[in-house]
Number of protein chains: 2
Amino acid sequence: MIETWIIEDNTSYSTLIRSAINQSDWCTCEHEWTTVADALKYLSKGDIPDVILTDINLPGMNGIEGIKEIKAKIKEIEIIVLTVFDDNEKIFDAICNGANGYLLKSSSPEEILEAIKTVVDGGSSINAGLARKVFNIFSSLKPAEHTYGLTKRENEILNYLVDGKTASEIAKVTFTSPLTVQTHIKNIYTKLQVNTRSGLVSKAIKEGLISKGGKKLFGNGL
Amino acid sequence: MIETWIIEDNTSYSTLIRSAINQSDWCTCEHEWTTVADALKYLSKGDIPDVILTDINLPGMNGIEGIKEIKAKIKEIEIIVLTVFDDNEKIFDAICNGANGYLLKSSSPEEILEAIKTVVDGGSSINAGLARKVFNIFSSLKPAEHTYGLTKRENEILNYLVDGKTASEIAKVTFTSPLTVQTHIKNIYTKLQVNTRSGLVSKAIKEGLISKGGKKLFGNGL
DNA sequence: CTCAAAATACCTAAAACTCGGTATTGCACT
DNA sequence: AGTGCAATACCGAGTTTTAGGTATTTTGAG
């Protein structure tokens, strides 16, 4: 039997969902809370559900923060966001904070039950329309592939610079003169149109100019 | 009538899918190619499908590159990846390059047709298991929230540094002495355990220490 | 109020960086 | 054989940064 909780300040809506859940023969909802704080308090007492359905717009702590708090406490709980918001930012934040599903309140009770089943089976639940948004967020994450016409050597040196190395340190690992490295750096500055070391590093990371084994990567290493 | 193409070097598999598609009364598949190059050549002739199903492991140009090339030519074409690979990297790359759906070859013909319908309706198609992976990639993108105990002022200055500003420039915009700014920078260095400007900027961006209106952001501005 | 942390400001000296140059060598392409 | 680009190396002057310090004034929490 799957145990679920609902965190939702609109009690008439939560009651609706709750009764739909309790009508199934494999899933129950014993508790509904109006704030994240209430849910967290009860969690501390050792009563742990399999799935939590949560709104985002809540009094006190919002649902996004709530996901983080709940996951920090017991990461095994599957969390499904149930909200009216469908903007990229909310979706992005919710997923980043550990949401396992994202549903709109326009979803039918059947869809909600389906989503619960999906997450307990180790999947993630999101409808096609929202999935498109997730896909779009992803592809917008990919920086445009400016190369600024950097040569192989310049690119190599750029990578060392981003590591925080000085010109002389780079000279050592590349077996060249520090003066040569300075020349390269000067040329990189011109090509990237920056005039400080920090501006260079910033631009290089933000525009994905850094390669790791030939692959572009994001600021966070992926 | 939805027109689809298949790019797949395993012709016995593609023939199977093609006949399944052609058995529907709303979707046809006139062309199947074994390489991206073939598809691109035909695209140039003006014959444009609504949806392309593509493998990833292809002779010559791989499917990931293929997505980019096809989208660059005609971005309206919906592209569904159909592959045996389910590793994070392939999924990530495919979506970043503009894939609109991602299916495993274990999918049934019904699921494939469902996916085609989904993408032409403006959604994105991905099954629950893969969606979980996408969700996990997202949450791994979120840098851990180290703060390194930076004070408000230090954080402010850090942001200017990441912009490539010098100490004196920062002093001007903060209406303080350059010496004060230097002191702050020195303290930031100690807290972040770096000893060059570039190392600082690099670490700050990679670990998401940069705030924009109170919000964390990624290296790419999101 | 009081105490600690934060923010402010200054000093010095060495090291590193920025920017304007010049110049040689080697390699690929025509 | 000649042209162009990449990579190498150097000079000099001025600026900025780094790494030790010290010290005063705010400010926020108890």
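Letters A, B, ... mirror the listed sequences (proteins, then strands); counts begin at 1.
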Asks: Where the side chain of B:Ile185 is concerned, which of D:dT18, C:dT18, D:dT8 is the nearest nucleotide?
Replies: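 Given the options D:dT18, C:dT18, D:dT8, the side chain of B:Ile185 is closest to D:dT18.
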Asks: Between B:Trp33 and B:Tyr42, how do the two ring planes meet: parallel, tilted or perpendicular, split at 30° and 60°?
Replies: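 The arrangement is tilted - the two ring planes meet at 30° to 60°.
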Asks: Applying side-chain hydrogen bond (donor to acceptor under 3.5 Å, both in side chains), run through B:Glu154 and B:Tyr148 and close with a yes or a no.
Replies: CA-CA 11 Å; B:Glu154 286 165 351; B:Tyr148 294 98; over 6 Å; no
Asks: Anything under 30° is parallel, anything over 60° is perpendicular, the rest tilted; go ahead and classify B:His31 against B:Trp5.
Replies: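 Correct class here is perpendicular.
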Asks: Atom CD of B:Glu156 and atom C1' of C:dA6: how far apart are they, to the nearest Å?
Replies: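 Value for this atom pair: 13 Å.
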Asks: Is the number of heavy atoms from other residues, nucleotides or ligands under 6.0 Å of A:Lys41 NZ greater than 12?
Replies: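 Not buried by this count: 12 neighbours or fewer within 6.0 Å.
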Asks: In whole angstrom, what separates B:Leu200's CG from D:dT16's C1'?
Replies: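 Answer to the nearest Å: 15 Å.
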Asks: Could you tell me the separation between the CD atom of B:Gln182 and the C1' atom of D:dT15, rounded to a whole number of Å?
Replies: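 Between C1' of D:dT15 and CD of B:Gln182: 12 Å.
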Asks: Counting heavy atoms from C-beta on, name the nucleotide in C:dA6, C:dC10, C:dA16 closest to the side chain of B:Thr151.
Replies: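 Of the candidates, C:dA6 comes closest.
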Asks: Using heavy-atom distances to pick each residue's nearest nucleotide on DNA chain C, tell me which of B:Asn187 and A:Thr196 is more 5'.
Replies: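 Comparing both residues, the 5'-ward one is B:Asn187.
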Asks: Choosing from D:dC10, D:dA7, D:dA19, which nucleotide comes nearest the side chain of A:Lys152?
Replies: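 The listed nucleotide nearest to A:Lys152's side chain is D:dA7.
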Asks: Would you indicate what B:Thr180 reaches in the nucleic acid, counting non-hydrogen atoms under 4.0 angstrom: base, sugar-phosphate, or nothing?
Replies: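 Contact class for B:Thr180: base.
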Asks: With a 4.0 Å limit, can you tell me whether B:His184 has a side-chain N or O closer than that to the phosphate oxygens OP1/OP2 of C:dT8?
Replies: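 It does, given that an N or O in the side chain of B:His184 lies less than 4.0 Å from OP1 or OP2 of C:dT8.
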Asks: Give the rounded distance in Å between these two atoms: CD of B:Glu169 and P of D:dT15.
Replies: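 Taking CD of B:Glu169 and P of D:dT15, I get 14 Å after rounding.
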Asks: Rounding to an integer number of Å, can you tell me how far A:Ile170 CD1 sits from D:dT8 P?
Replies: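 About 12 Å, once rounded to whole Å.
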Asks: What nucleotide, of C:dA16, D:dC10, C:dC10, holds the atom closest to the side chain of B:Ser177?
Replies: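 When the side chain of B:Ser177 is considered, C:dC10 is the closest of C:dA16, D:dC10, C:dC10.
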Asks: I'd like a list of close polar pairs between nucleotides 22-29 of chain C and the protein, N/O only, cut-off under 3.5 Å.
Replies:
none

Asks: OP1 or OP2 of D:dT17 sitting under 4.0 Å from any side-chain N/O of B:Arg197?
Replies: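 Yes, within the criterion.
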Asks: If you check every side-chain atom of B:Tyr189, which of C:dC10, D:dT18, C:dC19 has the closest atom?
Replies: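 Closest nucleotide to the B:Tyr189 side chain: D:dT18.
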Asks: Can you tell me how far P of C:dT8 sits from CD of B:Glu154, to the nearest Å?
Replies: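 Spelled out: CD on B:Glu154 to P on C:dT8 is 10 Å.
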Asks: Would you indicate whether the side-chain heavy atoms of A:Arg153 and A:Thr174 approach each other to under 4.5 Å?
Replies: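 Yes, close enough: below the 4.5 Å cut-off.
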Asks: Mind calculating the distance between CZ (B:Arg153) and C1' (D:dT26) to the nearest angstrom?
Replies: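 Taking CZ of B:Arg153 and C1' of D:dT26, I get 12 Å after rounding.
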Asks: Could you check if a side-chain atom of B:Thr4 sits within less than 4.5 angstrom of a side-chain atom of B:Ile116, using non-hydrogen atoms only?
Replies: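 In short, these two side chains touch, coming nearer than 4.5 Å.
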Asks: Side chains of A:Asn100 and A:Lys71: is there a donor and an acceptor less than 3.5 Å apart?
Replies: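 Side-chain D/A pair, A:Asn100 to A:Lys71: present.
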Asks: Send over the distance from B:Leu179 CG to D:dT22 P, rounded to a whole Å.
Replies: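 Whole-Å distance recorded here is 17 Å.
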